[in-house]
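Dropping the structure in here first, questions after.
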Amino acid sequence: MSTTGATADPLAALGSLPGVSDSVESVRKAVDRVYGHRIMRRRSTAITSEAALRASRGSAALSGADWALEEVRRRSDFGADDEARTVGAALRLAAEAGQLLSVWRQSPLRVLARLHVVAAAEADDAVGRPRRAGEAVREPLIELPAPGADEVSGRLDGLAELIVAGSSAPALVTAAVVHGELLALRPFVSHNALVARAAERIVLIGSGLDPKAVCPSEVGHAELGRAAYLAALDGYVSGTPDGMAAWIAHCGRAVELGARESTAVCEALQRGAA
């Protein structure tokens, strides 16, 4: 996303794209339904924990580790192979995201670096910093050409400036732009998609749209499928108004599906079945 232009608040300008206001309103209604459920008043902590588990499963699935929910729930060893390490990274990111909310608005780049450290969980000079010229990106499921290191640095700085400056844009718009920009840039040598989805989660929680983290967009992204996810990302990368609007709408639908998932969890708890 270009951060230059005549408008002082480019995120807010995206909120006026055709169809975006409808997506924002639809997301708000879906979120309100979860928060209005009677179980949320008594067992919100349980709903939050379950949402984090399901978010982790969904994010890992999009990164190639499509495990059944119960497998994620029961496993304790996440170092056996690439899929297990991906699931482990997603679980760690879901746990870490809530600890970084107070830092995000002041230092988003610091948060992104921390997320990469948590996801990678290895001692390597390339972990926790943007990739340098000549360093390859290990993100096999995203086949878009990766921007060069100089472009990554400039666009990351621009994104950080937007976050720190604040915006009147709806939370959905900001979350979608953060998510899309990180996928487009792939600023780290690995785990970029997992980090991008965790950053989207931080925006949705920290903005107040989903303060208890019970509307896991990762669940919705996984349900919509990788093909739709990548097609919507192509729209974001195109930079066209229609493409950007389609990406924001896709992210909005993912939040709605995440809210629906937690509503179903509330209903199951109410019936005593979970």
Side-chain angles (χ1 to χ4, degrees), residues 1-4 10-11 14 58-66 82-83 85-86 89-90 92-93 108-163 174-203 217-218 221-222 224-240 242-244 246-248 250-251 254:
M1 175 190 176
S2 173
T3 60
T4 60
L11 293 176
L14 293 176
S59 192
L62 283 170
S63 286
D66 193 0
D82 286 346
E83 284 198 6
R85 285 189 286 273
T86 296
R92 291 192 299 273
L93 285 170
L109 297 185
R110 179 179 159 197
V111 169
L112 293 175
R114 174 60 185 166
L115 291 174
H116 188 241
V117 168
V118 168
E122 59 181 288
D124 188 298
D125 173 63
V127 172
R129 63 160 173 79
R131 54 189 169 83
R132 297 169 182 160
E135 290 181 328
V137 181
R138 300 190 299 275
E139 205 74 48
L141 299 178
I142 297 179
E143 298 179 353
L144 294 169
D150 288 344
E151 181 179 351
V152 167
S153 178
R155 286 173 62 175
L156 275 181
D157 286 344
L159 181 64
E161 288 171 7
L162 289 177
I163 300 301
T174 303
V177 167
V178 168
H179 185 170
E181 192 71 354
L182 293 174
L183 287 179
L185 293 178
R186 278 145 292 155
F188 303 109
V189 296
S190 64
H191 298 89
N192 290 286
L194 291 170
V195 167
R197 291 186 288 273
E200 180 183 58
R201 164 180 281 264
I202 287 173
V203 175
S217 59
E218 300 94 330
H221 285 302
L224 291 167
R226 190 181 301 147
Y229 185 67
L230 295 177
L233 176 61
D234 283 343
Y236 178 87
V237 172
S238 76
T240 64
D242 286 348
M244 296 291 287
W247 170 251
I248 294 168
H250 185 86
C251 290

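Note that the coordinates shown come from a computational prediction; the quantities given were computed from them, not determined experimentally.
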Can any side-chain N or O of Arg131 pair as donor or acceptor with the backbone N or O of Ser190 at less than 3.5 Å?
->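 Pair absent, no side-chain N/O of Arg131 close to backbone of Ser190.
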How long is the gap from CD1 on Ile248 to CG on Leu14, to the nearest 0.5 Å?
->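 If I round to the nearest 0.5 Å, the distance is 5.0 Å.
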Taking all atoms of both residues into account, what is the closest heavy-atom pair of Ala160 and Leu109, and its distance?
->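 Minimum heavy-atom contact is CB-CG, 3.8 Å.
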Point-to-point distance, once rounded to the nearest 0.5 Å, from OG of Ser217 to CG of Leu224 =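 If I round to the nearest 0.5 Å, the distance is 10.5 Å.
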Is the shortest heavy-atom distance from the side chain of Ser59 to the side chain of Leu93 under 4.5 Å?
->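 Answer no - side chains too far apart.
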Of all the heavy-atom pairs spanning Pro140 and Arg138, show the shortest one and how long it is.
->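 Here Pro140 and Arg138 meet closest at CD-C, 3.7 Å.
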Just wondering, do Asp234 and Leu144 contact through their side chains at under 4.5 Å, heavy atoms?
->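 In short, these two side chains touch, coming nearer than 4.5 Å.
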His179: side-chain hydrogen bond (donor to acceptor under 3.5 Å, both in side chains) partners, not counting sequence neighbours =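 Glu200, Tyr229.
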Where is the tightest heavy-atom contact between Val152 and Pro147, given as atom of each residue plus distance?
->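 For Val152 and Pro147, the tightest heavy-atom pair comes out as CG2-O, 3.8 Å.
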How long is the gap from CG on Leu141 to CG on Asn192, to the nearest 0.5 Å?
->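 If we round to the nearest 0.5 Å, Leu141:CG and Asn192:CG are 12.0 Å apart.
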Would you confirm whether Arg197, through its side chain, and Glu218, through its main-chain N or O, come within 3.5 Å as a donor-acceptor pair?
->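 No; judged by distance alone, with no hydrogens or angles, the pair does not exist.
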Between Leu112 and Phe188, is any pair of side-chain heavy atoms under 4.5 Å apart?
->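 A side-chain contact exists here, since the closest heavy-atom pair is under 4.5 Å.
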Between atom CH2 of Trp247 and atom OG1 of Thr240, what is the distance when rounded to the nearest 0.5 Å?
->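 Spacing of CH2 (Trp247) from OG1 (Thr240) equals 14.0 Å.
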Taking everything shown except Asp124 itself, do over 12 heavy atoms lie less than 6.0 Å from its CG?
->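 Above 12, so yes.
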Check whether more than 12 heavy atoms from other residues, nucleotides or ligands sit under 6.0 Å from atom CD of Glu122, and answer yes or no.
->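 More than 12 heavy atoms, drawn from other residues, nucleotides or ligands, come within 6.0 Å of this atom.
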Any donor-acceptor N/O pair, Ser153 side chain to Ala149 backbone, under 3.5 Å =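 Not at all, since once roles are kept as given, no pair shorter than 3.5 Å links the two residues.
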Arg132: side-chain hydrogen bond (donor to acceptor under 3.5 Å, both in side chains) partners, not counting sequence neighbours =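 For Arg132, the residues satisfying side-chain hydrogen bond (donor to acceptor under 3.5 Å, both in side chains) (neighbours in sequence not counted) are Asp125.
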What's the spacing between Leu182 CG and Leu156 CG if we round to 0.5 Å?
->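 Between Leu182 CG and Leu156 CG, I get 7.0 Å after rounding to 0.5 Å.
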I would like to know whether Glu181 and Arg186 meet salt bridge (charged side-chain N to carboxylate O under 4.0 Å, His left out); could you show each step before the answer?
-> CA-CA 8 Å; Glu181 192 71 354; Arg186 278 145 292 155; over 6 Å; no
If you look at every heavy atom in Ala222 and Leu62, which pair is closest and at what distance?
->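 Of all heavy-atom pairs spanning Ala222 and Leu62, the closest is N-CD1, 3.9 Å.
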Quick one: side-chain contact (heavy atoms from CB on, under 4.5 Å) partners of Arg114, sequence neighbours excluded?
->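 Arg114 satisfies side-chain contact (heavy atoms from CB on, under 4.5 Å) with Glu96, Leu100, Val117, Val118 once adjacent residues are dropped.
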Distance from Leu233 atom CG to Leu183 atom CG, nearest 0.5 Å?
->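 Answer for the CG-CG pair, Leu233 versus Leu183, is 5.5 Å.
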Main-chain N/O of Ala61 paired to Arg226 side chain as donor or acceptor, under 3.5 Å =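 Answer holds: yes.
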With a 4.5 Å heavy-atom cut-off, do His116 and Arg129 have their side chains touching?
->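 His116 vs Arg129: side chains apart.
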Going through the checks in order, is the side-chain contact (heavy atoms from CB on, under 4.5 Å) test met by His221 and Cys251?
-> CA-CA 7 Å; His221 285 302; Cys251 290; 4.0 Å; yes
Any side-chain heavy atom of Pro10 within less than 4.5 Å of one from Leu162?
->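 The answer is yes; the side chains approach within 4.5 Å.
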